[in-house]
Each structure stands twice: as structure tokens, then as C-alpha cells.
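Quick note on labels: first sequence line is chain A, next is B, and so on, each numbered from 1.
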Protein chains: 4
Amino acid sequence: MFNKIILIGRLTRDPELRYTPQGVPVASFTLAVDRPFTNAQGQRDADFVDCVAWRKLGETVGNHLTKGRLVAVEGRLQIRGYTAQDGNKRRVAEVIIDTLRFLDAPKSSPSSVAAHNHEVTIPPDDVPF
Amino acid sequence: MFNKIILIGRLTRDPELRYTPQGVPVASFTLAVDRPFTNAQGQRDADFVDCVAWRKLGETVGNHLTKGRLVAVEGRLQIRGYTAQDGNKRRVAEVIIDTLRFLDAPKSSPSSVAAHNHEVTIPPDDVPF
Amino acid sequence: MFNKIILIGRLTRDPELRYTPQGVPVASFTLAVDRPFTNAQGQRDADFVDCVAWRKLGETVGNHLTKGRLVAVEGRLQIRGYTAQDGNKRRVAEVIIDTLRFLDAPKSSPSSVAAHNHEVTIPPDDVPF
Amino acid sequence: MFNKIILIGRLTRDPELRYTPQGVPVASFTLAVDRPFTNAQGQRDADFVDCVAWRKLGETVGNHLTKGRLVAVEGRLQIRGYTAQDGNKRRVAEVIIDTLRFLDAPKSSPSSVAAHNHEVTIPPDDVPF
DNA sequence: TTTT
DNA sequence: TTTT
């Protein structure tokens, strides 16, 4: 009924941009998200979270994100079941993102992209009634 | 750079639906959100948070939400400055919502509405590459 | 660097409460979280998200949560790698929760539990300076 | 029943650290949070959000945060009513934070502080059962 | 398989 | 009253 995840982390490598047979763009990448505490060996582990971006956001991701970039993403956690070659059921966890923000960039390039923000023309907030 | 708020609470009264001079729908309502602890008198206070929904979501809110309903909303916190009649500057805090979910409804009516979800036709997740 | 997930869903079965060899309580359960849209067959899928609660929160979960209950949880997404019996590496995604709220309960039982809230004695907000 | 806000922004000035009559530390500061879109004049507005940190986190904030720093904060939105000198009721919106993360720092100083994390000694995730 |  |  509600499923929202927010991550800040760095790309472990360049995203992969692919297209479905119907031509829908989809980008995938992995974020390294440092844990908030150190482990028993005194080191800071990270969670490596697979992320997916569809359509316009996918193209933006595929064309502008690169390995090592620090980003904030927002989306939902999706658990997908599938049957492996050995006949066993397995599950895959992915974050389907709908917003992405660059956190380490020069202000030149677009610093915020959302799934549909190309159509968002928000009226002034102080609209007089 | 990032501004996300998630609230679960009940409408203190029916929403007000208005239109800007340009005809853009905008609904406003207040959520009572119980605090997670009791106060010095052993009572549970609530925060009364003003919320605003624009456009299609505003119309949905204006037409389907009613006093007392339990909802989850998602949006951003906006702080708006203005000059009062007495010449003093004041500030207004509002949550501009982009998603709303009913939490106490029978499953009949639409249980989730988002700013642009009328156009979201998400491709199957297990698309084969 | 930042890892926050918020889910609302229903328990697919009663939680399991276990203890580490050192006696630390840990509860695990699965939440069914309806997706915000319907699939190609017009049905609403759900994500089945494994959740884990440690220590005091784990005990509360183990003793008070039951199958079918509607809850909101907050926590972080953890991706854990391990080597399976067949020698292959696999990964497990779990949400380590730090807060849990009942959303369908009569107000009798505790309606909000957090990792450390037994020690939270928040001073009045309107403390005069 | 649920109230969670996550902000990324920069301090507009150094925090103020005060103490209640009972000696409880409380720090206050304002975050400038850029809006995700440009206004009618093509400029990017910001929301100036007042934040409050109590106790240990308040002291950390008071001692380590400075004007211009980029941080992520997590907390709850609190709406406080009061009666002004002119007898009118007014409302104040503040974010009571429980976590703070530095986003622009050298890795030298502690990069993550939470309300109670000095007592969090999380057991290994892969504890064998 | 992993980022700074 | 506002940050980069």
C-alpha cells in the first residue's frame, strides 16, 4: 500500500541502458550505500543496491550518470520472483526509481530529473484567490 | 536539493477545492497527525499539518476525501513568506502533496492516486532482454 | 550514506522470534505491500518484503504482531551476500526496521514502537528561553 | 500516526546551541533547501526550513555544523501553536531532527550522527542460527 | 562483480 | 533574516 525508499550513494560503475522489444528505455545501475556504523573489524560496510530507471528517466540516467557519482534516488523496492535454470525459485530485489538528484556535480548540467518533470509546469505558489 | 515528507493522519474537515484564475484546480486540507509520544499531561498531542494538492490530484482530493478519513500522503514541505495586513512578514508551512493513499477504505474506490499516474503505463517488470 | 525505507503492508504470517547465541532477540517477518498499479492482467501484484527487527523491537514484534496485521515500518534496506550450499554466491535483501506502527488496531495496545523509545523522554516543545 | 521528513540542504548560518532551564541541550538552525524547479522568473527558489535538534544530537550539531555545510537530515514536522504579543494565535513549523549526515565533508570527522547511536552496537548481520 |  |  505504500513503498518508498530513499538512498544516497555512489555508482559502482557506469549504468547500462537497454530497450525493451517495444522500444522502452530502461537503465540499470548499482549504488554503493555506506552503512551508518562500522562492522566488527572496524570497517564501514556498504550495501550494494540494484536500481532500475524506466523511460525518460532511464535515458537520462544512461546518458548522464557515471561510475563514482554521488546521487540521491527515490523510488520503490520491488521484489521479483523467477525460476532459475536449476528449477529453483529465486528472488531479486531492485529499487525502481522515480527521482534522481546529483549531489556532487558542478551546477552546469541538469541537477534534478524526475520521471515526468518535463511536463511539470507548477503554477506560482502564491496564486491569489 | 531534496525535500520529502510522508504523513499518515486524518482529515480534520472536508477539503476545500478552488481554482486559480487560470482555471487550475487546487485543494487544501489539514491532517491531524498523532505524535509518537505522550506529553507531560499524559495525553497524545497531534500536529495539524496544512496540505495542498494541485491539478488532477487536487480534484480527486476535493471530490473523494472527506473529514475523518485516514490517509497517507507524500510530498514536499514548502515554506512560503508573505506580508500580513499589519505590514509584518509571516511564514506559512504547507505540504505540497504528490501522492495520496486511502488507508481506511473499502477496496471499491480508487485506493491510490498520484500526480501523474493517469499516464503511467508501466511495462512488465520481467521484460526479457 | 543514507538509506531509508518506509513500507505499509500486511504480515503474510506470524513473525518468528529467535535469539542469537549471545541471547540477542531478532524477529523476522514478511510484509505484503500492494503495488500502486495493476499488472497486464488487471490484477494488483504485491511485493513480499522480508523484514528483520533486533533487540527490544524484535521482542515487541515477536510478541504482538500477528499474521494479517496492517503496519507501517521504517528502516534501512540491507543487501547481504552469502555462499549457498552449491558454492554459488547469492544475495538476500532485507529491511532492518527501527520503527513500527500498527495501522489497524484498537488504541488499546501500544500503537508505536521504536528501537529505543523506552528511553525517550522528550522535553516540552514550547520550552521558554 | 506517522510523520517523517527528509531534507537535503545547506545551513543558512551557524546553529544556535541553547540549554533548557533543566540543562537539556537544544540546537536550532535553518536549512536552505532548493526547490526542484525554477519559478516564473527562471530562478530556483529555496525553502528555508527551521530545524531543531535536542540533547546529544543538539550538542553535536552546535559543535560541528557550520554555515554553508551540506547535510541530509531526517526527522518529523512539528507544528506548534502559540499566542503572539498582539493576542493573535500563530503557528510555527519546525523539523525536529533525529538523524543528521554530512554530505560535503572530508572523511576525517564523524560523518553520521543519530540521536542514540552512541549506544547502538549492532550484532553482525550474518549471525548464524 | 562493486563506489569515495 | 537566509545557503552553494
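- Of the candidates E/dT2, F/dT1, E/dT3, the closest approach to any side-chain atom of B/K89 belongs to F/dT1.
- Comparing atom distances between the D/F48 side chain and each of E/dT3, F/dT2, E/dT2 picks out F/dT2 as nearest.
- Between the CZ atom of B/R80 and the C1' atom of F/dT1 there is a distance of 19 Å, given to the nearest Å.
- How far CG of A/L57 is from CD1 of A/I97: 4.5 Å, rounded to the nearest 0.5 Å.
- Atoms CD (A/Q43) and P (E/dT2) sit 14 Å apart, rounded to a whole Å.
- The side chain to side chain donor-acceptor pair (under 3.5 Å) check on D/N88 picks up nothing, with sequence neighbours excluded.
- As a whole-Å value, the separation of A/L70 CG from E/dT2 C1' is 16 Å.
- The separation between A/D47 atom CG and E/dT1 atom P is 15 Å, rounded to whole Å.
- With hydrogens and angles ignored, the 3.5 Å screen pairs no side-chain donor or acceptor of A/N39 with any backbone N or O of A/D45.
- Closest to the A/D34 side chain, of the nucleotides E/dT2, E/dT3, F/dT3, is E/dT3.
- The only option from B/I6, B/L31, B/T99 that meets the side-chain contact (heavy atoms from CB on, under 4.5 Å) definition with B/V73 turns out to be B/L31.
- Taking 4.0 angstrom as the limit, A/K67 places none of its side-chain polar atoms (N or O) nearer than this to OP1 or OP2 of E/dT2.
- Computed from coordinates, the A/L11 CG to E/dT3 C1' distance equals 8 Å when rounded to whole Å.
- Whole-Å rounding puts the C/Y82 OH to E/dT1 P distance at 13 Å.
- Side-chain atoms of B/R91 come within donor-acceptor range of the base of F/dT2, with a qualifying N/O pair under 3.5 Å.
- Taking the side chain of A/R13 as heavy atoms from C-beta on, and the options E/dT3, F/dT2, E/dT1, the nearest nucleotide is E/dT1.
- The interatomic distance linking D/R35 (CZ) with F/dT3 (P) rounds to 16 Å, in whole Å.
- For B/R91, the side-chain contact (heavy atoms from CB on, under 4.5 Å) partners at least two apart in sequence or on another chain are B/I79, D/F48, D/D50.
- In this structure, the nucleotide among E/dT4, E/dT2, F/dT3 sitting nearest to the side chain of A/T12 is E/dT2.
- Whole-Å rounding puts the D/D50 CG to F/dT3 C1' distance at 13 Å.
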